[in-house]
Amino acid sequence: MNKNKIKRNLELSTIEGSFWAIMYGAGETFLSAFFVFLQFSAFQIAFLNSFPQFIGSCFQLLSSMIKNQFKTIKQFVVIASYVQAFFWLFLVFLILYNPSYYLILIWVSLYWMVASIIGPAWTAWMGYFVPRRLRARYFGKRNRIIGFVSFITTLIAGYILDIFDKNMLYGFIIIFIIAFIGRFLSSFYLSKKYEFEEKEKGNILEYLYSFKNLISDKNQSFYYIIFNSYISFSIMFFGPLFSIYILRTMEMSVMIYTINMILWQVSNFSSANYFGKLSEKIGDYKVLKISTYTIVVLPILWILLYYLHNNTLQIMATFIVSSIAGVCFSAYTLSSFNMIYKISKKEDVIHFSAVGNFVRGFAILIGGILAGTIVESNYIYDIAKKINLIPIHFSMLISVLLRSLSIPILKKLK
């Protein structure tokens, strides 16, 4: 591919990513809040945040096989993206007619199934036309732009929900329609990108057969997948319960919840470019290491601010912690993503991503189920009460312990 085509693809990738951010900011960001609004239990919400992702990761293993049914990787990604867009209209239909738990669970599962099979193919596509020397800086800049668009969209969506405070169902319908428009336009710009000459030869079964040798040798691929999956497992003991913690436990408004999400996004995208440059300077591994150490202690900060008696001070504290979290996950996401290209061969990126995400999806499922069970357990409630904690704090402390145990695995990576 010549330089002009590469430059054009990089520009179009930023544009399509910006429209994707509209879907994320107005849609995915508020799904957990929507579940809380529907009065689902803590276990139900944790399950909705874990089981569908596991289903999606299972289908990722078939991503390359499904992709091979299309003429090109571009055609596969574009069509799947359009399908994902129309799922937001299906959700609006469910809201209007029957937003029951089981129908929502089916919708979320199918949604993540489609979203997940796009991931490995898109990652491989990007890996082929983004020059290695520009990769860290380009993705850092792209993430910053996408984050800014997501921030604006989240702010608008939160304002819409605040306007419809007395009839929030209509507010959710409006923001989910905005999510549909964003993903539809993202798909349109995906279709404008150039194709690349595909080099992938083998299939997923051949890759899995060769991958078992990598596991037995315990090389970098093995430790990367174990580390990334274990971190995701430990995060599930608080991550999917954040909306419950803010809206129910701390009894804050949807607008405060929205501001916290916005601050997370602002700090996330505003620091992305910095971490892109830092990764070029000190390496992705060192950035990953620093971010992991910080991620370990984040739940402790959320526990401490619960005991602040001054309401204004408490709200301001949530804003600060959300900002810190955004910076940490910006560093973690960028560095862990870049390491995929360094650990796997170029032609194996789609398979490596699929295998890694499958293991990660299974870890997320187990973590989500355990977290939901802990929060709703009467036995855990009695134990937590004796030490002046609430069940969700107990789950958060477990998350801290589990996150700290990821450090020895991280040290196996180089």
With rounding to the nearest 0.5 angstrom, report the [atom1] to [atom2] distance, [X] to [Y].
| X | Y | atom1 | atom2 | value |
| --- | --- | --- | --- | --- |
| Tyr245 | Ser395 | OH | OG | 11.5 Å |
| Ile104 | Ser109 | CD1 | OG | 11.0 Å |
| Leu91 | Leu31 | CG | CG | 7.0 Å |
| Phe238 | Ile244 | CZ | CD1 | 10.5 Å |
| Arg248 | Ser243 | CZ | OG | 8.0 Å |
| Trp112 | Trp107 | CH2 | CH2 | 9.0 Å |

query = Which residue pairs satisfy the side chain to side chain donor-acceptor pair (under 3.5 Å) criterion with at least one member in residues 169-192, sequence neighbours excluded?
reply =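 Qualifying pairs: Glu16-Ser186, Ser81-Arg183, Gln84-Arg183, Arg183-Ser186.
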Taking everything shown except [X] itself, do over 12 heavy atoms lie less than 6.0 Å from its [atom1]?
| X | atom1 | result |
| --- | --- | --- |
| Tyr101 | OH | yes |
| Met316 | CE | no |
| Tyr293 | OH | yes |
| Phe148 | CZ | no |
| Tyr306 | OH | no |
| Tyr97 | OH | no |

Can you name the closest pair of heavy atoms from [X] and [Y] and give their distance?
| X | Y | answer |
| --- | --- | --- |
| Lys193 | Trp122 | NZ-NE1, 4.4 Å |
| Phe176 | Gly27 | CE2-O, 3.8 Å |
| Met339 | Tyr224 | CB-CE1, 4.1 Å |
| Leu161 | Gly171 | CD2-C, 3.6 Å |
| Ile315 | Met252 | CG1-CE, 4.0 Å |
| Met236 | Ala371 | O-CB, 3.4 Å |

Check whether any side-chain heavy atom of [X] sits under 4.5 Å from a side-chain heavy atom of [Y], and report yes or no.
| X | Y | value |
| --- | --- | --- |
| Phe358 | Cys58 | yes |
| Met396 | Val400 | no |
| Ile256 | Phe319 | yes |
| Ile324 | Ser267 | no |
| Met255 | Asp165 | no |
| Tyr332 | Cys328 | no |
| Leu190 | Val77 | yes |
| Leu410 | Tyr285 | yes |

Donor-acceptor contact below 3.5 Å, side chain [X] vs main chain [Y]:
| X | Y | answer |
| --- | --- | --- |
| Ser50 | Gly368 | no |
| Ser291 | Leu288 | yes |
| Ser234 | Leu402 | no |
| Asn98 | Leu94 | no |
| Ser404 | Leu401 | yes |

For [X] and [Y], test the side chains for any donor-to-acceptor distance below 3.5 angstrom and give the result as yes or no.
| X | Y | result |
| --- | --- | --- |
| Ser116 | Gln53 | no |
| Ser279 | Ser335 | no |
| Thr14 | Arg142 | no |
| Tyr223 | Asn228 | no |
| Tyr24 | Gln265 | no |

request  = Mind running side chain to side chain contact (heavy atoms under 4.5 Å, CB included) on Val327 and Ser323 for me, showing each step along the way?
outcome  = CA-CA 6 Å; Val327 172; Ser323 300; 5.9 Å; no
query = What do the steps show when you test Ile235 against Ser399 for side chain to side chain contact (heavy atoms under 4.5 Å, CB included), and what is the final call?
reply = CA-CA 6 Å; Ile235 287 173; Ser399 183; 5.5 Å; no
Distance-only donor-acceptor pairs under 3.5 Å for side chains of residues 294-305, two or more places apart:
from	atom 1	to	atom 2	distance (Å)
Thr294	OG1	Ile290	O	3.1

ask   = Which word best sums up how the rings of Phe233 and Tyr230 line up, parallel for under 30°, tilted for 30 to 60°, or perpendicular for over 60°?
value =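 Because their plane-to-plane angle lies in the 30° to 60° range, the rings of Phe233 and Tyr230 count as tilted.
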request  = For the pair Phe184 and Phe180, name the ring-plane relationship: parallel under 30°, tilted 30 to 60°, perpendicular over 60°.
outcome  = tilted
task = Verify side chain to side chain contact (heavy atoms under 4.5 Å, CB included) between Leu105 and Phe47, making sure each step is shown before the conclusion.
result = CA-CA 9 Å; Leu105 176 61; Phe47 195 72; 4.0 Å; yes
Give a yes or no on whether the ring-centroid distance for [X] and [Y] is below 6.0 angstrom.
| X | Y | answer |
| --- | --- | --- |
| Phe30 | Phe34 | no |
| Phe164 | Phe172 | no |
| Phe87 | Phe90 | yes |
| Tyr111 | Trp88 | yes |

task = Could you tell me whether Glu280 and Lys277 have a side-chain N and a carboxylate O separated by less than 4.0 Å?
result = no
inquiry  = The test is side chain to side chain contact (heavy atoms under 4.5 Å, CB included); show your working for Leu263 and Phe151 and say whether it passes.
reply    = CA-CA 8 Å; Leu263 288 171; Phe151 147 65; over 6 Å; no
